[in-house]
Amino acid sequence: MNIDVQILYSFGGETVMYKPKEFIFKEGEHSQYYFQIISGKVKLNTFTENGKEFIHNILGNNQSFGDPLLFIEKLYPTNAVSLQATEVVRVPKKNFIEMLKTHPDLSLEVNMCLSQRLYYNSLMVRNIASADPIQRLKGLLDYLKSYHDGDCQQCFPVELTRQQIADLTGLRVETVIRTIKKMVNQEIIKMEGRRILY
DNA sequence: TCATTAATATGAT
DNA sequence: ATCATATTAATGA
């Protein structure tokens, strides 16, 4: 979700800068803040027993994270790591709740946002369970696209490396590369240099 | 800039 | 799916 930064500031929001590859929070920590990205990129990940990384999501400008835990007392289920120099605004939980009470319109918006995530999440889970790698990639792309505001046909740029796509879908890099080629042939996606347009 | 590392692409097992 | 290797892009000393 994307909340007016001025409002965030007026409720105790503060700007925090992170260097590339810096932890913003770690799995198992207590959730304290609502985070919204001003610029940069953040990934949410966990590691399997054998040390393989699984990326849950990658967020960019004007996107938020840590928000599903605002209303419940649970520990973070993932790490949050900046992929590049990243500027975020963070608002303490209590202030965030205060803000929603004083701005019912915002509260509604937050509800819509969370609902939309749930919706696309269920689609995502279905596709990721599919054996067909094309379906898995397509599921991921639809999911990522749902986070994107300005949408038009075949011009949503996927700013991910193949390795990151592999870590998001649980596929191997080689499989991702080969599947992407197939999808270009089937005109499901387009390429602009090495970047994918969907 | 040049050297080193990361990412991409393809072929083989 | 895993491994090996060649090419290309990105990074940083």
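Residue numbers begin at 1 in each chain, while the letters A, B, ... track the order of the sequences. Computed from heavy atoms alone, side chains included, the values below leave out hydrogens, waters and symmetry copies.
- Between the side chains of A/E53 and A/N45, a donor-acceptor pair is found at a separation under 3.5 Å.
- Heavy atoms of A/R178 sit under 4.0 angstrom from at least one base atom.
- Distance, A/K21 NZ to B/dA6 P: 7 Å, rounded to whole Å.
- The side chain of A/R172 approaches C/dA1 more closely than any other nucleotide in the set B/dT8, C/dA1, C/dC3.
- Using a 4.5 Å heavy-atom threshold, the side chains of A/F11 and A/H103 count as touching.
- Between B/dT8 and A/K181, no contact under 4.0 Å exists linking OP1 or OP2 to a side-chain N or O.
- Distances shorter than 4.0 Å separate some side-chain N or O of A/T175 from OP1 or OP2 on C/dA1.
- Here the P atom of nucleotide B/dA9 and the CE atom of A/M183 are 14 Å apart, to the nearest Å.
- Ring pair A/F156/A/Y198: centre-to-centre distance not below 6.0 Å.
- Put simply, CD on A/Q163 is 17 Å from C1' on C/dT8, counting in whole angstrom units.
- As a whole-Å value, the separation of A/N185 CG from B/dA9 C1' is 15 Å.
- In this structure, A/L160 atom CG and B/dT8 atom C1' are separated by 15 Å, rounded to whole Å.
- As rounded to whole Å, 16 Å separates atom C1' of B/dA6 from atom CD1 of A/I165.
- Distance, A/L171 CG to B/dT8 P: 15 Å, rounded to whole Å.
- Looking at heavy atoms from C-beta onward, A/M17 lies out of side-chain contact with A/T86 at the 4.5 angstrom threshold.
- Atom CG in A/D167 sits about 10 Å away from atom P in B/dA7, given to the nearest Å.
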